[in-house]
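So you know, we letter chains A, B, ... as the sequences are listed, proteins then strands, and number each from 1.
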Amino acid sequence: MLDRGVLRHDLEMVRQRLAHRVEPGILDDFTAADARRRGVLTEVQALRGRRNRLSKRVAMAKRSGMDAADLVQESRKVHAQISELEDSARTLNDETQRILSQIPNLPHPNVPQGPDESANALVSHWGEPADVAFTPKPHWELGVRLGIVDFERAAKLAGSRFAVYTGPGAKLERALMNFMLDVHTSEHGYTEILPPFIANSRTLYGTGQLPKFAHDLFKLEESDYWLVPTAEVPLTNLYADETLSPNDLPISLTAFTPCFRREAGSYGRDVRGVIRQHQFQKVELVKFASPETSYGELERLTSDAEEILRRLGLPYRKVLLSSGDMGFSAAMTYDLEVWLPGLGEFKEISSCSNFEDFQARRARIRMRHPGGRRGKTEYVHTLNGSGLAIGRTWLAILENYQEADGSVTLPEALRPYAGAERIARSGVLE
RNA sequence: GGAGGAAUGGCCGAGUGGUUGAAGGCGGCGGUCUUGAAAACCGCAAGGCCCGCAAGGGUCUCGGGGGUUCGAAUCCCUCUUCCUCCGCCA
């Protein structure tokens with residue numbers, strides 16, 4: 001959520017920076033509603049002040065044994081006036097809140113302005129595709145032939161966009177989870193968290209999924225429970241309504257969770273294989289940082305995610321998203337895109353963002369100001385990124401490490417976790 | 001599921017209708033003292049919103065919401081969460 005004051009005092013700046021992110025009308029809607037809200041609020045507050053002064057006079061009169069009937073009478077009248085105005089004050093307040101909660105974050109000035117991914121900026125490349133003498137197959141062909149993933153039985157159990165992993169397929173997923181968590185906790189300094197995979201509305205509001213993106217989420221019936229679409233939601237909200245000490249920052253958390261997404265509106269996109277599923281597993285990285293250090297922390301978090309790709313020997317590129325391609329809550333986002341030789345394209349495998357104070361304001365996560373600045377508090381900056389999406393890492397390994405005979409050699413770093421060197425043509429680990 | 005109890009500022013904790021936005025302690029920050037530190041002492045410190053160029057003023061907030069009252073942290077209703085005991089269960 002943006003600061004109301006910024007919208008009020010710097011509307012033109014906001015308008016420019018949100019050029020590719022909102023329909024201009026919403027900013028005017030807010031401005032108009034907010035002006036009405038402030039008008040009524042000023043009036044209500046003046047009346048309340050009057051009532052408070054009258055009450056004090058009643059108290060004084062009673063204490064000195066005088067008759068206060070007139071004062072009480074007048075105060076009753078004021079009370080009635082307040083009640084009348086309060087309703088419209090509340091309505092107007094809800095209205096501005098509703099509009100404000102649908103306005104996305106301001107992109108950082110270094111973010112390229114543009115309507116969509118065509119304006120994204122390539123930052124760097126790493127690795128080269130394996131030089132092979134055959135045409136690489138897509139992972140769904142490899143996986144089904146090896147018998148390590150089963151889409152038909154998954155469809156029977158749940159429907160389309162689900163997968164059942166079997167034998168070495170399941171173990172590879174588990175190996176990736178442990179490998180990523182180990183690297184992030186013992187080498188990158190993250191604290192491992194195992195959060196609930198269900199969250200309430202307030203929590204989803206805090207990170208910006210609600211109210212605007214309810215249609216992307218799975219809601220549980222007859223409850224205020226939602227399946228989490230990413231561990232970002234429980235991890236970031238861990239400190240909702242809290243005031244952190246600057247000495248504790250930055251806080252770095254990591255978690256393995258399944259992620260549940262409706263993927264409504266993506267019909268026809270990525271329909272084959274495990275690229276886009278209603279449930280996928282992910283190791284997430286989340287940081288809480290002071291405003292002064294948050295962009296340095298974004299670089300570190302991104303490189304922590306990159307480190308996983310490097311250790312696994314997966315070629316990738318790093319892209320700075322344009323203002324029109326970024327998510328709703330982000331101020332700056334790097335996407336890491338892994339090379340998939342079977343599909344012949346780069347595919348997002350991690351998205352690392354600094355949300356600045358946008359989520360912190362919604363979730364009310366503050367920090368006390370360091371260095372004797374009169375105990376003032378300010379909002380922390382929140383960051384997160386995938387470290388990495390496990391399903392996509394799984395398929396990237398299949399596609400990048402496939403051999404001519406359809407077997408898959410496992411990357412060195414993963415072998416201790418898989419207890420094997422390869423998935424043989426017969427579909428067994430050995 | 002049943003029966004009790006509880007929820008106060010960064011933390012602990014006082015406070016049952018009228019200068020209590022809130023005693024006291026701890027923790028934090030600044031200072032005095034000290035070569036430095038500790039101790040001691042002094043001082044400063046809640047958040048949101050509204051009016052204002054500012055200085056400053058106002059208003060709301062004692063788990064959430066509603067109510068009683070001229071006036072509510074204090075009384076009533078309701079919801080949530082936590083604790084204890086019983087039941088059930090992995």
Side-chain angles (χ1 to χ4, degrees), chain A residues 1-10 30-101 194-206 222-226 234 237-249 251 288 290 357-358 360-380:
Chain A
M1 192 160 64
L2 296 180
D3 182 0
R4 308 178 103 102
V6 171
L7 276 158
R8 181 137 51 98
H9 299 299
D10 232 341
F30 175 81
T31 306
D34 192 51
R36 271 177 305 183
R37 163 184 155 271
R38 293 191 337 261
V40 174
L41 200 55
T42 304
E43 218 173 321
V44 171
Q45 290 184 355
L47 286 168
R48 283 209 268 247
R50 180 132 177 263
R51 182 197 60 191
N52 290 345
R53 284 190 296 277
L54 285 168
S55 288
K56 273 188 189 142
R57 286 170 61 192
V58 171
M60 284 196 303
K62 293 220 162 157
R63 212 175 301 138
S64 57
M66 282 155 52
D67 178 42
D70 287 355
L71 290 170
V72 169
Q73 192 59 34
E74 194 182 348
S75 187
R76 269 207 196 105
K77 258 189 260 170
V78 176
H79 184 92
Q81 286 177 288
I82 292 172
S83 302
E84 255 174 68
L85 276 177
E86 260 176 350
D87 282 346
S88 70
R90 186 170 313 173
T91 308
L92 286 165
N93 201 45
D94 292 350
E95 173 73 357
T96 54
Q97 195 66 25
R98 191 185 62 77
I99 301 172
L100 192 59
S101 67
L194 203 171
F197 303 159
I198 287 175
N200 58 29
S201 299
R202 199 169 164 291
T203 299
L204 284 145
Y205 175 84
E222 292 175 26
S223 70
D224 185 38
Y225 291 153
W226 307 73
N237 283 286
L238 214 50
Y239 297 110
D241 287 323
E242 296 190 31
T243 305
L244 305 171
S245 161
N247 301 327
D248 297 335
L249 299 175
I251 294 171
F288 302 83
S290 68
D357 62 6
F358 190 85
R361 185 173 290 110
R362 288 169 94 100
R364 279 172 300 189
I365 309 167
R366 284 186 285 260
M367 58 178 275
R368 276 187 302 287
H369 224 300
R373 287 241 229 105
R374 286 205 210 139
K376 277 287 176 199
T377 60
E378 64 183 310
Y379 291 111
V380 299

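Atom CZ in A:R364 sits roughly 12 Å away from atom C1' in B:G63 (whole-Å rounding). Remark: P of B:C70 and NZ of A:K62 are 9 Å apart, rounded to the nearest angstrom. Between the CG atom of A:D248 and the C1' atom of B:C11 there is a distance of 13 Å, rounded to whole Å. Atoms CG (A:D34) and C1' (B:C51) sit 14 Å apart, rounded to a whole Å. Per the geometry, CG belonging to A:N93 stands 11 Å off C1' belonging to B:C60, to the nearest Å. Look at CZ on A:R202: it is 11 Å from P on B:G65, rounded to the nearest Å. Atom C1' of nucleotide B:U59 and atom CZ of A:R90 are separated by 15 Å, given to the nearest angstrom. The CE atom of A:M367 sits 20 Å away from the P atom of B:A45 (whole-angstrom rounding).
B:C33 sits 9 Å from B:C41 when the C1' atoms are compared, rounded to a whole Å. Rounded to whole Å, the separation between the C1' atoms of B:A55 and B:G43 comes to 23 Å. Here, B:A14 and B:C62 have their C1' atoms 13 Å apart, quoted to the whole Å. Taking atom P in both B:C49 and B:A54, one finds a spacing of 15 Å when rounded to whole Å. On the P atoms, B:G13 is 16 Å away from B:C83, given to the nearest whole Å. Atom P of B:A39 sits at a distance of 16 Å from the matching atom of B:G25, rounded to the whole Å. Rounded to whole Å, the C1' atom of B:C29 lies 36 Å from the corresponding atom of B:U16. With both ends at atom P, the span from B:U78 to B:U84 equals 25 Å, rounded to whole Å.
The phosphate of B:C49 (OP1 or OP2) has no side-chain N or O of A:R4 nearer than 4.0 angstrom. A close approach under 4.0 Å does occur between a side-chain nitrogen or oxygen of A:N52 and OP1 or OP2 of B:C60. Distances shorter than 4.0 Å separate some side-chain N or O of A:R37 from OP1 or OP2 on B:C50. At B:C70, one or more side-chain N or O atoms of A:R76 fall inside 4.0 Å of OP1 or OP2 (strictly under the cut-off).
A:Y239 places a side-chain heavy atom less than 4.5 Å from the side chain of A:I251. Looking at heavy atoms from C-beta onward, A:F358 lies in side-chain contact with A:L2 at the 4.5 angstrom threshold.
When each of A:R53 and A:K56 is assigned the nucleotide of RNA chain B bearing its nearest heavy atom, the one mapping closer to the 5' terminus is A:K56. Mapping A:T243 and A:L41 onto RNA chain B via the closest heavy atom, the residue that lands nearer the 5' end is A:T243.
The side chain of A:Y379 approaches B:G48 more closely than any other nucleotide in the set B:C60, B:G58, B:G48. Out of B:C70, B:C50, B:G66, the shortest distance to the side chain of A:R51 is found at B:C70. Distance from the side chain of A:R8 is smallest for B:C51 among the nucleotides B:U59, B:G10, B:C51. Comparing B:C70, B:C51, B:C60 against the side chain of A:V72 picks out B:C70 as the nearest. In this structure, of B:G47, B:C49, B:C51, it is B:G47 that holds the atom nearest to the side chain of A:R366. Taking every side-chain heavy atom of A:V58 into account, B:G18 is the closest of B:G18, B:U69, B:C50.
In this entry B:G4 has B:C83 as its Watson-Crick or G-U wobble partner, both defining distances falling under 3.5 Å. As the counterpart of B:A23, no nucleotide is assigned, since no Watson-Crick or G-U wobble pattern has both distances under 3.5 Å. Both distances falling under 3.5 Å, in either a Watson-Crick or a G-U wobble arrangement, place B:U32 opposite B:A40. B:U16: no Watson-Crick or G-U partner with both key distances under 3.5 Å is found in any strand.
Residues A:D34 and A:R37 are paired through a salt bridge, judged by an N-O separation under 4.0 Å between the basic side chain and the carboxylate. Under a 4.0 Å N-O distance rule, the pair A:K77/A:E74 does not qualify as a salt bridge.
Within a 6.0 Å radius of CZ in A:R38, other residues, nucleotides and ligands contribute more than 12 heavy atoms.
Side chain of A:D357 to main chain of A:Y379: no donor-acceptor pair is present (N/O by atom type, distance under 3.5 Å, no hydrogens or angles).
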>> If you apply the rule side chain to side chain contact (heavy atoms under 4.5 Å, CB included), what do you find for A:R362 with A:S101, and how did you get there?
In response: CA-CA 9 Å; A:R362 288 169 94 100; A:S101 67; 4.1 Å; yes
